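A short worksheet on the structure shown next.
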Amino acid sequence: MVYTLVNSMSSARPIRLRFAPSPTGYLHVGGARTALFNWLFAKKYGGQFLLRIEDTDKARSTEASTTAIYEGLEWLGLQWDEDVVYQGANLDRHQAHVAQLLKAGTAYRCFCTAAELEAQRKEAHALKEAFRYDRRCDSIDPATVEKRVAAGEPFVVRFRMPEGTTTWDDLVHGTITFPNKDIGEGDFIVLRTDGTPIYNMAVVSDDIAMEISLVMRGDDHISNTPKQILLYEALGAPLPIFAHLPMIHGMDGKKLSKRHGATAVGEYQHLGILPQAMLNFLALLGWSPGNDIEVMTLEQMIELFDASHLSKKAAIFDTQKLEWMNGQHLSLIGADVLLPRVAPLLADAGLTTLQDVEHRKAWFLSLLELLKVRARTLDDVVRQASPYLRDDIEYDPDAVAKQWKDRSLSADALRGTRETLAQLERWEPEPMEEALRALAERMGTTGGKIFQPMRVALTGLTVSPGIFDVLVMLGRERSLARIDRALEWLAAN
RNA sequence: GGCGGUAUCGUCUAGGGGACUAGGACACGGCCCUCUCAAGGCUGGAACACGGGUUCGAAUCCCGUUACCGCUACCA
């Protein structure tokens, strides 16, 4: 099913959305969420999701940032549908659109210098008045304009702000109206002295060319919107529908910045967050399915997504909930899809090699099955996997203090445990439990008193998966060797 | 300053005139489960910014106030 968008200003149009970041840094979580919502909308209604790199600020744009945006989007799995559009490559069309404005008489050349304007602005500020360009250049007669241009005098092109009011039906905010007199500083500049377009001009030109029918972006663009609408109208182009998403703030309610910790999606990737968890978490920041569902797969998000449940309120980025969400997805996904993500991390940590993982795949799969439910991040998984992958385990001092407090008592328990386990015919949970519980009874104690010292002997820690699972994962040989080593340690300390 | 936007537990949110004694989730506390840790189940505390209207009835609609955020460039 392919839907179309219908707007009061235009007939039905194919659904085309775009994510248009400027490459001046990494992919910010706010940008990622904007991209996600655009993508979700496109997927849900059978539209196209496009990517445009707004690289017209040569001073701040970098290739590294562009790469970071691609990598972030790819990690999240937010694939765009057509070739990437680089705004900087469209200068000719931007200028042509400005020429069209000039020709239609909705824009005019202005010879005022930046210094003059700055002085006027200062003056207005001193008088506590809002500065508005006084249109002095609009009254220069055409012949004079021609002459000054011919003489090589620098000029900018200004859009002539019409009287009246500009209104649109925002998909998330409802009707928003601006009196035209309050839009910016009056007749705003669309083309700089150097012949390059100003942001709003470039955006409108590109969105027209890309046939964007739904502009979904951060609500910091609300005040740009009336200017852009005026430009669309002056250019005779159909208006897109606008949807302004709320911002994402840090824990202190201020704009999310480096002070709040990680703001780049790439950082969360390296912190061991799963892309599907990131997406799920981001989706819930500013949108809800309208009921109590929280943990969703990507497919469910597409299915459930709808514009009517978009929030107007800025959300605070809570990393604790992100981690919880990641834990949910960790236990949700199969060990087989988790393994390819974890294997490189295990290798990086020097715990194994990719070849080893390939070689003992079934074993690694069952290990992950045990660990994923008690981990919140991929880093947790790696940390918890350590005792099963290295032989030189260390005894955690707290574990020793708590579970091996009485050395001889612990040694007794371990000796009995070792003997019992060694006699087992089948190295499986049921016989283990049966035999060890019987041992506990014979020793006049409880299972816990046997299991806990054994846990320290096997893993060096007080926490681990179920003790029989640990024994199985370690295997008979290694388990018994570890108990022997613990016995030696207990005798020596 | 001007203009615009926003306002429900600490946080994310449900709610759209009566179903609200305001629901869920994160976090925090308790209990259960239990060999530990998670997960899970049960449970506790915790919110409609304030003031006026409209209405038989307002968290929901209107107005004002306050607070916060954004924009206010020849940045994007």
Side-chain angles (χ1 to χ4, degrees), chain A residues 20-24 54-57 59-61 87 110 112-114 117-118 121 125 128-132 154-158 170 173 176-179 181-185 188-194 196-200 202-203 218-226 244 246-247 249 251 253-255 281 284-295 309 311-318 320-325 327-328 331 370-376 380 384 399 402-403 433 436-437 440 446-452 454-456 459 461-468 470:
Chain A
S22 40
T24 55
E54 309 218 317
D55 55 351
T56 48
D57 184 343
R60 290 197 301 156
S61 299
Q87 189 160 66
C110 168
C112 296
T113 66
L117 258 13
E118 198 40 52
R121 225 174 250 126
H125 189 75
K128 287 193 179 297
E129 280 170 4
F131 171 69
R132 200 165 300 124
F155 64 88
V156 299
V157 175
R158 283 184 186 272
D170 197 276
H173 290 274
I176 299 181
T177 302
F178 281 79
K181 65 174 177 54
D182 292 327
I183 300 172
E185 295 184 340
F188 59 94
I189 295 173
V190 290
L191 197 74
R192 298 188 186 90
T193 318
D194 67 1
T196 59
I198 231 64
Y199 172 72
N200 285 309
V203 166
D219 67 15
D220 48 341
H221 286 289
I222 286 180
S223 27
N224 280 323
T225 305
H244 288 96
M247 304 271 86
H249 288 161
M251 273 312 236
K254 298 267 191 286
K255 197 168 169 172
F281 174 72
L284 259 20
L285 243 42
W287 174 77
S288 93
N291 50 36
D292 293 337
I293 297 174
E294 298 222 81
V295 180
H309 284 96
S311 166
K312 297 192 244 273
K313 197 182 108 192
I316 288 174
F317 194 87
D318 179 3
Q320 260 185 322
K321 187 149 186 179
L322 205 214
E323 291 203 354
W324 167 80
M325 183 64 81
Q328 293 293 310
S331 35
L370 295 177
L371 301 186
K372 71 193 185 78
V373 68
R374 49 203 107 218
R376 292 209 145 187
D380 286 343
Q384 292 174 14
K402 194 164 176 212
Q403 302 302 341
E433 177 153 19
L436 289 173
R437 289 214 187 264
T446 60
K449 290 281 188 298
I450 298 276
F451 303 148
Q452 280 302 83
M454 172 166 57
R455 173 168 281 115
V456 179
T459 66
L461 305 168
T462 53
V463 306
S464 81
I467 198 68
F468 310 113
V470 173

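As the structure is a prediction and not an experimental result, all values here were calculated from the model. Sequence lines set the chain letters: A, B, ... in the order given, protein chains first and strands last, and positions in each chain run from 1.
- Proximity of A:Ile176 to A:Ile222: side-chain heavy atoms (C-beta onward) are separated by under 4.5 Å at one or more points.
- Shown here, B:rG40 forms a base pair with B:rC32; the pair counts as Watson-Crick or G-U wobble because both key distances fall under 3.5 Å.
- Rounded to the nearest 0.5 angstrom, A:Met454 CE and A:Ile467 CD1 are separated by 4.5 Å.
- The phosphate of B:rU72 has neither OP1 nor OP2 within less than 4.0 Å of any side-chain N or O from A:Arg132.
- Rounding to whole angstrom units, CD of residue A:Gln384 and C1' of B:rC37 are separated by 8 Å.
- Comparing the same atom, C1', in B:rA46 and in B:rG52 gives a spacing of 29 Å after rounding to whole Å.
- Counting any heavy atom pair closer than 4.0 Å across all strands shown, A:Arg121 reaches sugar-phosphate atoms only and no base atom.
- The separation of B:rC56 from B:rU65, taken at their P atoms, amounts to 28 Å, rounded to a whole angstrom.
- Within the nucleic acid shown, A:Asn291 has no heavy atom closer than 4.0 Å to any nucleic acid atom.
- When heavy atoms are screened at a 4.0 angstrom cut-off, A:His309 is found touching the sugar-phosphate backbone but no base atom.
- Across all strands, A:Cys110 comes closer than 4.0 Å to no nucleic acid atom at all (heavy-atom distances).
- Distances from the side chain of A:Ile176 to the nucleotides B:rA73, B:rG4, B:rU36 place B:rG4 closest.
- Here B:rA76 is the nucleotide among B:rG5, B:rC35, B:rA76 with the atom lying nearest to any side-chain atom of A:Glu54.
- Using a 4.5 Å cut-off on side-chain heavy atoms (C-beta onward), A:Leu284 and A:Lys321 make no contact.
- Across all strands shown, B:rC61 forms a Watson-Crick or G-U wobble pair with B:rG53, both key distances being under 3.5 Å.
- In this structure, A:Arg455 and A:Gln452 have side chains that are in contact, with non-hydrogen atoms separated by less than 4.5 Å.
- The distance between atom CD1 of A:Ile183 and atom C1' of B:rU72, rounded to the nearest whole Å, is 12 Å.
- Remark: the separation of the C1' atoms in B:rG24 and B:rG5 is 28 Å, to the nearest Å.
- Under the Watson-Crick and G-U wobble criteria, each requiring two contacts below 3.5 Å, nucleotide B:rG70 is paired to B:rC3.
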Side chain to side chain contact (heavy atoms under 4.5 Å, CB included) between A:Val203 and A:His221, intermediate numbers included: CA-CA 12 Å; A:Val203 166; A:His221 286 289; over 6 Å; no
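- None of A:Arg132, A:Arg121, A:Arg158 except one satisfies the salt bridge (Lys or Arg N to Asp or Glu O under 4.0 Å) rule with A:Glu185; the exception is A:Arg121.
- Here the C1' atom of nucleotide B:rG15 and the NZ atom of A:Lys313 are 13 Å apart, to the nearest Å.
- Counting only heavy atoms from C-beta on, A:Leu117 has its side chain closest to B:rC74 among B:rC74, B:rA38, B:rA76.
- Taking the P atoms as reference points, B:rG18 lies 34 Å from B:rG40, given to the whole Å.
- Residue contacts for A:Ala315: at a heavy-atom cut-off of 4.0 Å it reaches the sugar-phosphate backbone alone, with no base atom in range.
- If you find the closest nucleotide of RNA chain B to A:Pro465 and to A:Ala20, the one lying nearer the 5' end belongs to A:Pro465.
- Listed candidates were B:rC35, B:rC74, B:rA14. Nearest to the side chain of A:Ser288 is B:rA14.
- Taking the nucleotide of RNA chain B with the nearest heavy atom to each of A:Gly286 and A:Asp194, the more 5' of the two is matched to A:Gly286.
- Rounded to whole Å, the P atom of B:rC63 lies 22 Å from the corresponding atom of B:rA14.
- Between the P atom of B:rU11 and the CE atom of A:Met325 lies a distance of 18 Å, rounded to the nearest Å.
- Residue contacts shown for A:His249 are limited to sugar-phosphate atoms, with no base heavy atom under 4.0 Å away.
- Here the CG-CZ distance, from A:Asp380 to A:Arg374, works out to 12.5 Å after rounding to the nearest 0.5 Å.
- Taking atom CZ of residue A:Phe178 and atom P of nucleotide B:rG70, one finds them 15 Å apart after rounding to whole Å.
- Nucleotides B:rA47 and B:rG4 are separated by 34 Å at their P atoms, to the nearest Å.
- B:rU72 atom P lies 11 Å from atom OH of A:Tyr199, rounded to whole Å.
- Note: NE2 (A:His173) to C1' (B:rC69) measures 11 Å, nearest angstrom.
- Judged by atom type and distance alone, A:Ser464 does not reach the base of B:rC37 through any side-chain donor-acceptor pair under 3.5 Å.
- Within 4.0 Å (heavy atoms only), A:Ser331 reaches no atom of the nucleic acid at all.
- No contact: A:Glu433 has no heavy atom under 4.0 Å from any strand.
- When heavy atoms are screened at a 4.0 angstrom cut-off, A:Leu285 is found touching the sugar-phosphate backbone but no base atom.
- Residue contacts for A:Gly466: at a heavy-atom cut-off of 4.0 Å it reaches a base atom on one of the strands shown.
- Residue contacts shown for A:Pro21 are absent, as no nucleic acid heavy atom lies under 4.0 Å away.
- Atom name C1', nucleotides B:rC62 and B:rU55: the rounded distance is 12 Å, in whole Å.
- Annotation: side chain of A:Phe281 is not in contact with side chain of A:Trp324 (no heavy-atom distance under 4.5 Å).
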Please produce a list of atom pairs where a protein N or O lies less than 3.5 Å from an N or O of nucleotides 24-29 of chain B.
unit_1 : atom_1 : unit_2   : atom_2 : d
B:rG24 : O4'    : A:Asp292 : OD2    : 3.4
B:rA25 : O4'    : A:Glu294 : OE2    : 2.7
B:rA25 : O2'    : A:Glu294 : OE2    : 2.6
B:rA25 : O2'    : A:Lys321 : NZ     : 3.4
B:rA25 : N3     : A:Lys321 : NZ     : 3.2
B:rC26 : OP1    : A:Trp324 : NE1    : 3.4
B:rA27 : OP1    : A:Arg376 : NH1    : 3.0
B:rA27 : OP1    : A:Arg376 : NH2    : 2.8

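- Listed here is the closest heavy atom pair of A:Lys312 and A:Asp219: O-OD2, 4.5 Å.
- When the P atom is compared between B:rG15 and B:rC61, the two are found 12 Å apart, to the nearest whole Å.
- Set against B:rC71, B:rA7, B:rA38, the side chain of A:Val373 has B:rA38 as its closest nucleotide.
- Within the shown strands, B:rC26 is the pairing partner of B:rG10 under the Watson-Crick or G-U definition, both distances less than 3.5 Å.
- To the nearest angstrom, P of B:rC74 lies 16 Å from CZ of A:Phe155.
- Inter-residue side-chain proximity for A:Met247 and A:Asp220 is flagged as met; some heavy-atom pair is nearer than 4.5 Å.
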Pair A:Val295-A:Met325, side chain to side chain contact (heavy atoms under 4.5 Å, CB included): steps then yes or no: CA-CA 7 Å; A:Val295 180; A:Met325 183 64 81; 4.2 Å; yes
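- A:Gly290 comes within 4.0 angstrom of sugar-phosphate atoms only, judged by non-hydrogen atoms across all strands, and of no base.
- As judged by a 4.0 angstrom heavy-atom cut-off over every strand, A:Thr113 is placed among the base-contacting residues.
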